[in-house]
Amino acid sequence: MRRPLVAPLCLGAAALASAVCALSLGTPYIPPARLPATLGADGLAGLVVTELRLPRLVLALIAGACLGAAGLVLQEALRNPLAVPEMLGVSSGAALGVAAPLVLALAVPLGLQPFLALAGAALGGLLTLFAAGFGRSPSAVLLTGAAVAAALQAGLLVLMVMADQLDLQLIYRYLLGSLSARTWDDVTGLLPWLAVAVPALVLCVPVLGVLRLGDDDARALGVRVERARVAALGIAVLLIAPVVAVCGPVAWVGFLAPHLARRLRPDGGAAGWLVRSAVCGAIVVLCADQPARLALAPVETPVGAWTALVGVPVGVVLLKRGRRPARSGGPAAPPASGTRPDLPAPGTRPDLPAPVLRKAER
């Protein structure tokens with residue numbers, strides 16, 4: 001078997017095994033061979049699989065894909081592998097927008113919660129960009145985002161102090177991210193947001209490929225770097241906020257999925273990494289949801305606790321391996337000063353659209 005096919009096959013096997021576990025295991029237990037006949041059937045088994053387990057599975061896939069794609073957009077736009085929603089105030093802002101009405105006893109319809117999450121995420125992202133000079137320095141954006149995220153989390157702690165015992169339990173579980181008791185209504189509530197976010201994401205891919213070259217080269221190719229970063233952050237907010245409104249801030253998926261995508265295809269471009277990052281994010285959340293459901297059954301644990309527990313050490317290992325030189329053909333030469341190892345070598349054509357290359361040749 002060719003080595004490049006091993007990792008995708010392993011991911012596919014993990015996704016299939018997790019999907020079967022998600023539909024079969026639990027109370028009542030349904031053998032995998034009976035699953036096709038159970039879907040849509042009458043009775044307790046059909047109701048549990050069709051109305052509870054299947055929408056939870058679909059929601060895990062959608063949430064993971066959105067978080068994985070948003071993580072890659074942020075990392076490519078800021079040219080930093082540590083740029084994740086949790087470090088830029090986006091996830092904390094969205095969580096604050098949803099938690100505040102609950103503690104303040106404001107009657108908010110369920111359909112408006114994504115808008116509250118969107119407003120909170122946009123607030124966190126704009127605070128980060130405003131304090132960092134609207135994206136003039138990627139490192140400044142990341143450091144400022146960490147400070148903004150800490151401030152928003154402090155606001156969440158204040159709300160938790162003000163909450164009563166019941167609201168405190170709800171907020172605590174929500175802040176860790178959970179897929180418990182989600183139905184088809186939660187899945188269909190995400191579809192309008194995806195209809196807007198996916199086309200915007202497709203239009204953003206060529207700009208991400210240019211931003212990888214550096215600010216000076218991107219400006220030479222006609223890209224307005226600051227506006228491009230603001231637009232990339234807006235697309236990331238549009239992907240993250242609806243997921244946070246429904247599931248809570250599922251931690252570190254936006255960090256782990258892009259690194260897995262790059263390990264699968266180190267020489268790929270922004271478009272290929274974006275697709276793989278979405279796929280890896282979906283598989284990560286789906287796999288993490290199984291121990292969340294079953295490890296302490298009948299008590300469910302938040303899925304965000306498992307993604308953070310697994311994602312942080314795995315991400316650190318991937319970062320360390322990504323810095324090692326290649327072994328094939330001897331040790332690799334160190335990169336030139338001021339360049340990134342994952343960028344195209346000088347004198348080679350990067351993975352850019354044809355119009356951009358023609359413009360650069362002139």
Side-chain angles (χ1 to χ4, degrees), residues 63 66-67 70-71 73-75 77-78 80 82-106 108 112-135 137-164 167-178 193 197 229-256 302-305 307-308 311-312 315:
C66 291
L67 294 174
V73 169
L74 293 174
Q75 291 180 17
L78 298 176
N80 194 313
L82 298 178
V84 291
E86 292 80 9
M87 293 285 289
L88 295 175
V90 176
S91 294
S92 300
L96 184 62
V98 176
L102 178 63
V103 176
L104 300 177
L106 300 177
V108 178
L112 292 181
Q113 286 189 0
F115 292 96
L116 295 175
L118 185 66
L123 175 63
L126 288 176
L127 284 175
T128 298
L129 288 177
F130 179 78
F134 283 92
S137 171
S139 58
V141 172
L142 187 61
L143 293 174
T144 307
V148 171
L152 293 174
Q153 289 172 2
L156 285 170
L157 291 177
V158 172
L159 289 177
M160 294 176 69
V161 171
M162 297 170 55
D164 58 26
D167 290 341
L168 182 61
Q169 293 179 0
L170 293 175
I171 293 174
Y172 182 74
R173 180 171 291 272
Y174 167 78
L175 292 178
L176 291 177
S178 178
W193 299 93
R229 286 206 180 98
V230 173
L233 182 62
I235 293 173
V237 166
L238 198 59
L239 288 168
I240 295 167
V243 172
V244 174
V246 174
C247 307
V250 183
W252 297 106
V253 178
F255 171 73
L256 180 59
V303 66
T307 56
V312 172

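- Residue Ile240 is tested with Ser91, Pro249, Cys66 for a side-chain contact (heavy atoms from CB on, under 4.5 Å); the sole match is Ser91.
- Judged as a ring pair (Phe, Tyr, Trp, His ring centres under 6.0 Å), and not counting sequence neighbours, the contacts of Phe115 are Trp193.
- The shortest heavy-atom contact between Gly97 and Leu116 is O-CB, 3.5 Å.
- Considering CG of Leu74 and CD of Glu86, their distance stands at 10.0 Å, rounded to 0.5 Å.
- Ser92 places no side-chain N or O within donor-acceptor distance of the main-chain N or O of Gly89, the cut-off being under 3.5 Å.
- Considering every non-hydrogen atom in both Gly93 and Leu152, the closest pair reads N-CD1, 3.6 Å.
- Judged by distance alone, the side chain of Thr307 and the main-chain N or O of Ala251 form a donor-acceptor pair under 3.5 Å.
- The distance from the CG atom of Leu233 to the CG atom of Leu88 is 7.0 Å, given to the nearest 0.5 Å.
- Here Ile171 contributes atom CD1 and Leu156 contributes atom CG; the two are 8.0 Å apart, rounded to the nearest 0.5 Å.
- In this structure, CE in Met87 is found 8.0 Å from CG in Leu143, a value given to the nearest 0.5 Å.
- Taking all atoms of both residues into account, the shortest heavy-atom contact from Val243 to Ala63 is CG1-CB, 3.6 Å.
- In this structure, Ser178 contributes its side chain and Tyr174 its backbone to no donor-acceptor pair below 3.5 Å.
- Residues passing the side chain to side chain contact (heavy atoms under 4.5 Å, CB included) test with Ala94, sequence neighbours excluded: Ala117, Ala121, Val244.
- Among pairs with a residue in residues 230-250, none fulfils ring-ring contact (aromatic ring centres under 6.0 Å, His included), at least two apart in sequence or across chains.
- Residues Tyr172 and Met160 share a closest heavy-atom pair of CD1-CE, 4.2 Å.
- The line from CZ of Arg173 to CG of Leu175 is 12.0 Å long, rounded to the nearest 0.5 Å.
- Atom CG of residue Leu238 and atom CD1 of residue Ile235 lie 8.0 Å apart, to the nearest 0.5 angstrom.
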